[in-house]
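Right, one structure below, let's go through it.
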Number of protein chains: 4
Amino acid sequence: MNDRASINQAPQMRREDRAEAYMRVRAASEALCAPLCIEDYGLQTADFASPPKWHLAHVSWFFETFLLEPYLPGYVIFDPAFRTLFNSYYEQVGQFHPRAERGHLSRPTVEAVYRYRAHVDAAMRDLIAGADEAQWLAIETRLAIGLNHEQQHQELLLTDIKQHFSVNPLRPAYRSDLATPRQGDALPLAWQGFEGGLIDSGFDGEGFCYDNERPQHRVFLNPFALANRPVTNAEYLAFVDAGGYRNPALWLSDGWATVQRLGWGGPRYWERIGGDWHEFTLGGMRTLDLNAPVSHVSHFEADAYATWAGARLPTEAEWEHAAGAVPNEGNFVDADLLHPQTAVGEGLVQLFGDVWEHTASAYLAYPGYRVPEGALGEYNGKFMSGQMVLRGGACATPAGHVRGTYRNFFYPQERWQFQGIRLAQDLT
Amino acid sequence: MNDRASINQAPQMRREDRAEAYMRVRAASEALCAPLCIEDYGLQTADFASPPKWHLAHVSWFFETFLLEPYLPGYVIFDPAFRTLFNSYYEQVGQFHPRAERGHLSRPTVEAVYRYRAHVDAAMRDLIAGADEAQWLAIETRLAIGLNHEQQHQELLLTDIKQHFSVNPLRPAYRSDLATPRQGDALPLAWQGFEGGLIDSGFDGEGFCYDNERPQHRVFLNPFALANRPVTNAEYLAFVDAGGYRNPALWLSDGWATVQRLGWGGPRYWERIGGDWHEFTLGGMRTLDLNAPVSHVSHFEADAYATWAGARLPTEAEWEHAAGAVPNEGNFVDADLLHPQTAVGEGLVQLFGDVWEHTASAYLAYPGYRVPEGALGEYNGKFMSGQMVLRGGACATPAGHVRGTYRNFFYPQERWQFQGIRLAQDLT
Amino acid sequence: MNDRASINQAPQMRREDRAEAYMRVRAASEALCAPLCIEDYGLQTADFASPPKWHLAHVSWFFETFLLEPYLPGYVIFDPAFRTLFNSYYEQVGQFHPRAERGHLSRPTVEAVYRYRAHVDAAMRDLIAGADEAQWLAIETRLAIGLNHEQQHQELLLTDIKQHFSVNPLRPAYRSDLATPRQGDALPLAWQGFEGGLIDSGFDGEGFCYDNERPQHRVFLNPFALANRPVTNAEYLAFVDAGGYRNPALWLSDGWATVQRLGWGGPRYWERIGGDWHEFTLGGMRTLDLNAPVSHVSHFEADAYATWAGARLPTEAEWEHAAGAVPNEGNFVDADLLHPQTAVGEGLVQLFGDVWEHTASAYLAYPGYRVPEGALGEYNGKFMSGQMVLRGGACATPAGHVRGTYRNFFYPQERWQFQGIRLAQDLT
Amino acid sequence: MNDRASINQAPQMRREDRAEAYMRVRAASEALCAPLCIEDYGLQTADFASPPKWHLAHVSWFFETFLLEPYLPGYVIFDPAFRTLFNSYYEQVGQFHPRAERGHLSRPTVEAVYRYRAHVDAAMRDLIAGADEAQWLAIETRLAIGLNHEQQHQELLLTDIKQHFSVNPLRPAYRSDLATPRQGDALPLAWQGFEGGLIDSGFDGEGFCYDNERPQHRVFLNPFALANRPVTNAEYLAFVDAGGYRNPALWLSDGWATVQRLGWGGPRYWERIGGDWHEFTLGGMRTLDLNAPVSHVSHFEADAYATWAGARLPTEAEWEHAAGAVPNEGNFVDADLLHPQTAVGEGLVQLFGDVWEHTASAYLAYPGYRVPEGALGEYNGKFMSGQMVLRGGACATPAGHVRGTYRNFFYPQERWQFQGIRLAQDLT
């Protein structure tokens, strides 16, 4: 049994294994913070990105609020002020500190937040070990959500740190000891066809999934093809050099307005130094690797690129259908590259890991979806407006966290995640 | 042959009939402006709403740019400055005057704009009568787009005037001689079920449709039911009185942020005077008619209401499937009510006319959709981002303009159109 | 007795002469509107500039509110809604329609506003003819304020129309029959010295003055010199060509921020067409007249220019001291040029008329100043914060309206008035 | 010789004493940071307030840029990136990191900034000890500016920390060991009269002053009176309770707009908890001390209070004239209260220390003032626009830093300094 399975496995896991999985996930968050200075923990350089300290505390608040308070008799809240300070957006839990002001809090200190984590961890161990059988199913369900939630914040920790460090003129490196990425030419672009027809979409298996992956439902697909790998930096650079960012005919109307308003001329972390393109990475500034997948492009850019390339983005159903036959493996955070790398191999590669892949699908409820009762219903359902679906996970995603049915979602102008492009086309 | 058919009929119409249809549509725009003072023509009270004068000129610019310039030999442009002034958003045609500054133009005067219309009309008559057979098909295609385009602006003329007049503390009435709406109780709410299955969606008939209604494609629907009529003001008032606008649990996250930011407490034109609810209409201020369909609610409000009512919004495919069996008749602009009225009858009523009906569907490309070549490709395709689909037309829509496959689209916070709510539910 | 004296003369004027003066001022406002189309009356293209229709109504509201309501028995308000609609900023009178939304009112129509004026005029004639002697002094005092108030709005009518027309790509001319300005070279720059010492500043004479010109008080001045004429367009162009707008060392900190934020590269109405500088005027676009005084420059620009030229702006006390010996004559609105013209003559010229002259003085209370009681106290006193004083009147000011002690005031970034620069320097 | 004199004494001080004074000022900055956690050093919670770390580095940059680079042969820059990072606003030195983004820099770390300080200090000691006599006068002049500059930032360190901590819902105390303020009733309000006449204003003595205090010049004053002490919290509370923040008639127009826009209902740090007024202080939350001087009120509030109280604010010349006879002693930072305390004594008390006193004077150049050459000319001169003068120093000001002629300046809406109110009135 590998790590990945252990978190999201079906409910028959032993309690000791659950406890061990809990501690493993919790430790992973802290390991990601090991390279940080105390000063880094409080940074907030954009409204959409949170300070590392906030992430560490919020995921603990989640366990405290949704598991310890309701299920652990005699549990003593670590600090009542944290109820508001580290609530992200759960209106039904109560007030929350404004998102844009998360960087305004020097206290609680980093040390206090680690004490908070330890306090929660001790209580969680008690809960897992001692809970009544009658409550265990409910606890186990919420525990799975809590652990997956913490994994999502592990990815955000990395992408938020990248954002925060990128605006510092010193361009500090988060890590200087990252694994070395694969060298050599990228796999030539090729297309893999699918017949389509009436297929099933959504999760219907064992183990954990989010509510937004359900219910499984039928979707009719026309014949289509997917590119065998994501678009590379070299390919995207050709679009840039061809004036892609200056030609409104290629863009959605809101996309073109965004390009104008924000003065975009390339992906989020590209930077021209002297005459050469560089890229800011979690390992610091690097010469742009032309063979690697382009990343940190928004939906608007992905769509414009696809138009320029005479192709389109896949729908989420197409992507999911194609991913059904592909093993859930790839360049995840555990590979310790923290950057997408050059595609190799045969067939459809890099569907999982490397970069989240933009789709042409708006993030909406599946047919028959119901928002779950209570505050936990706010986890996914209330965001089904204005955002687009991305699929497959990225180099900052914990291995085992995503699935073929997993739906990530961001606004079409956002691009601080490892977001890339896989092209699709019609086969008719 | 009634008016409606004549505009959007299949291509075998005689040229004289085309010319007559052209003049009928053009005259209808001017008739809508008859109640205006000169001062009203220049009003712009919100970025999203244009001055009546701008509408009158822009639709003429459309014929000039897409028909007269390319197809009428020797055509003399009325005024080269209009090329920019009255271009709405066609980047491939050239620059355009900023949308938010359309109200900053006292010149050209109203009289000059009417001369512009006459100049274009004379040339259009020449073009329709004299065009080569070899070019006729292309001309006829663009003519149909031009006339449907002008009809869309006829609806906007009315909804923009309503917006403009509504912010004047004098609350002026656009018309004081409107037809009297139906009285009496609203039809009791009932549900009509549909089996679903694999159905066809999109246009595949004779006559005109927009590019965004194509191609026809297959969609799988679960069994569902639609309400027999739109939600009434009485029903919506119950939601307001139950604290609907103060309960975040009912709202999409972006919707709740909008409620807070804009201080919404009811539909766009509701106003409490003394203790009583009134509604601003194109006929001036009226006591709220509790039996009539609620209108001027945004997607966010429609979604929150549906949640509160234990139902949901229909998808556009569900709506279209249901509408397939319903005659395209209803309270359109020709009924001269300019306001939705109380539902009567049997089966599904008011699908067409009265109020545009919000759907749960994002406005996206159908499978196989390609943006048309050239500047006219900007008509619909580039807006496929961030907007939601509405269906069925309203009391300000010209009769015959909409179809069962017709897709209107607005941002989820917009509500200055006659937008109402038809509930749906799952039948499983 | 000339026109100017008649309005602001001491109280012993006969009532018939007062009535005649009233009607003359009122007629002048309407004469300024004669060249307008109905469409022009409603324009508001910037928050700081009002529609012509609003000016015509507001000045009437002033007489209605401060004279007819309190002093004319049985006076019937023209329309109670106007109390709010045409109140500019008098908090003690009640609410007022938001300044930025004055252009949102197509109703009352232009014709209705002229009827409002006629209604007020008829009542004012009754009041002037029939008021009790016991009340006459109070009435006469307020009448003088009302007439000077209307004259201020006459100037704003012209400068606001200039603003409104300037943003129309058609660049319409307000008048095509303006008087022809003087030709020839500008007077060479020369300096006129003053000894300074303990001088009196502020009004202490007969006739009308504003409260902010009082009380007269003593000010100590060092020896100083004033330029004999305002800075010319040629001189200012040398500053532009020398990179004045790109050199932060010349600017006040807030001024440099304004240059950056608004992208300024020259005076408000300068426009480069082809290779040549032009200027938008009330007579339409003209080639820049290099000999004429520069105008439409803000305090920030005036200060930067003076720094660049090795000089400074005069204080208001210096300016007033120098103006004490100069006749109150010049290029005012009555000259029908509506534009500053080339300086000629001897000694200090163009102190009065042509362009308002920026001073180095903040608009603050004189020693001993008290804000008058009641709503009329809001006329001047509450604006004594953040604004700078300008002196001398301009080509859009009614002749006889200004005095040597007259204080005009605008924010340091504003420049839609005819604002020019007279340099000063120390003589020590 | 006490500490205060030593910094600003006339040039004949020995070099060893200069070096000692330098080290004393530098050590004081670090002592103020002793109570901080590492996390506190990076906080920026408002654009106008900087992180403590930034202050520590910027004052060192000042010595490096204006003394070490030009005058110390062979000086090696600590880090070239700091040239931009820690330049505040000196355009003539080069670019500077945007003020609003000072909180976005977790690196350089706190430890690195302290190393930067040590590096600069070592070099400064070399410079002071070893500079050529030929350069010594220039060095000594700049050294005085640098030390006074650092003292200004010591005050900002405290007021910025207060701002940063105040928005944390935990309301942390900067210090829990502050000295205990005086108890008992405040001195009864009394008025002290002055004859006025032609007086001298501005600095003309020995020792250091800022350029904006010169040249001394003559000013004519009418007879006036000053309140013997600042307005107390009890007095200000009466204004609040009388509806002062809801009555536009009391406010300057821009002030009233500010009250509305920011929702002000009392001084910056007042907070109603339960039914009682509290005040956030550098020692944490305290019950409002009614006898202490009100502080953290803006110019707008000071002016409105004075109007309500039937008085006015003093001009800066009046204040300075009155202060001429008063010893420069009071509750400065060295008293370790870090809060204004109850007035006692006879005559004019608390002119120096406790709270900066608002004046009615705009911050403008004195007659004959010239902006100094070079980048140091940007220190004071370019801010002479839109700000108001405050006088006398406060409880966060280093003792000896201010003088009777010292001019502090802030925008009329700013209130995060210890700003209070001393009333004045005319005696005529």
Side-chain angles (χ1 to χ4, degrees), chain B residues 33 35-47 49 51-54 56-57 78-87 94-98 100-114 116 160-174 176 284-285, chain C residues 33 35-47 49 51-54 56-57 78-87 94-98 100-114 116 160-174 176 284-285:
Chain B
C33 292
L36 301 181
C37 306
I38 297 289
E39 290 89 339
D40 300 331
Y41 279 89
L43 278 180
Q44 184 175 32
T45 65
D47 289 3
K53 187 171 73 176
W54 186 89
L56 290 179
F78 183 76
D79 186 331
F82 288 14
R83 196 176 182 88
T84 296
L85 279 187
F86 298 120
N87 179 1
Q95 291 194 295
F96 41 86
H97 192 65
E101 299 173 18
R102 290 176 184 166
H104 290 181
L105 306 174
S106 58
R107 321 289 178 92
T109 61
V110 172
E111 184 272 335
V113 165
Y114 276 108
Y116 179 38
D160 288 2
I161 288 169
K162 190 169 180 178
Q163 155 67 29
H164 299 323
F165 281 15
S166 75
V167 301
N168 188 326
L170 304 177
R171 301 285 187 275
Y174 160 68
S176 53
M285 288 300 298
Chain C
C33 292
L36 301 180
C37 307
I38 297 290
E39 289 89 338
D40 300 330
Y41 279 89
L43 278 179
Q44 184 175 33
T45 64
D47 289 4
K53 188 171 72 176
W54 185 90
L56 290 178
F78 183 76
D79 185 331
F82 288 14
R83 197 177 181 88
T84 296
L85 278 187
F86 297 120
N87 179 0
Q95 290 194 296
F96 41 86
H97 192 65
E101 298 173 18
R102 290 176 184 166
H104 291 181
L105 307 174
S106 58
R107 321 289 179 93
T109 61
V110 172
E111 185 272 334
V113 165
Y114 277 107
Y116 179 38
D160 288 3
I161 288 169
K162 189 169 180 177
Q163 155 66 30
H164 299 324
F165 280 15
S166 76
V167 302
N168 188 327
L170 304 177
R171 301 285 187 275
Y174 160 68
S176 53
M285 288 302 298

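Quick note on labels: first sequence line is chain A, next is B, and so on, each numbered from 1. Keep in mind the model is a prediction, meaning the values are calculated, not measured. For the numbers below, each heavy atom of this structure counts, side chains included, while hydrogens, waters and symmetry mates do not.
A donor-acceptor pair is defined here as one N or O able to donate and one able to accept, closer than 3.5 Å; such a pair exists between the side chain of B:Glu39 and the backbone of C:Val110.
Interface remark: C:Leu105 contributes backbone and side-chain atoms alike to the contact with chain B (heavy atom separation under 4.5 Å). In this structure, the portion of B:Leu85 lying under 4.5 Å from any heavy atom of chain C is its side chain and not its backbone. Proximity to chain B is absent for every atom of C:Glu101, based on heavy atoms less than 4.5 angstrom apart.
For chain B, the option among C:His164, C:Gln44, C:His104 with the highest count of heavy-atom pairs below 4.5 Å is C:His104.
Looking at heavy atoms from C-beta onward, B:Ser106 lies out of side-chain contact with C:Tyr41 at the 4.5 angstrom threshold. The side-chain heavy atoms of B:Pro169 and C:His97, taken from C-beta on, include a pair separated by under 4.5 Å.
Scanning both residues, B:Leu43 and C:Gly103, for their nearest heavy atoms gives CD2-O, 3.9 Å.
For the salt bridge (charged side-chain N to carboxylate O under 4.0 Å, His left out) condition, the pairs that include at least one residue of residues 103-112 of chain C, sequence neighbours left out, are B:Asp40-C:Arg107, C:Glu111-C:Arg115.
Residues satisfying the side chain to side chain contact (heavy atoms under 4.5 Å, CB included) criterion with B:Gln163, sequence neighbours excluded, are B:Thr45, B:Ala46, B:Phe48, B:Ala49, B:Ser166, B:Val167, B:Arg268, B:Tyr269, B:Trp416.
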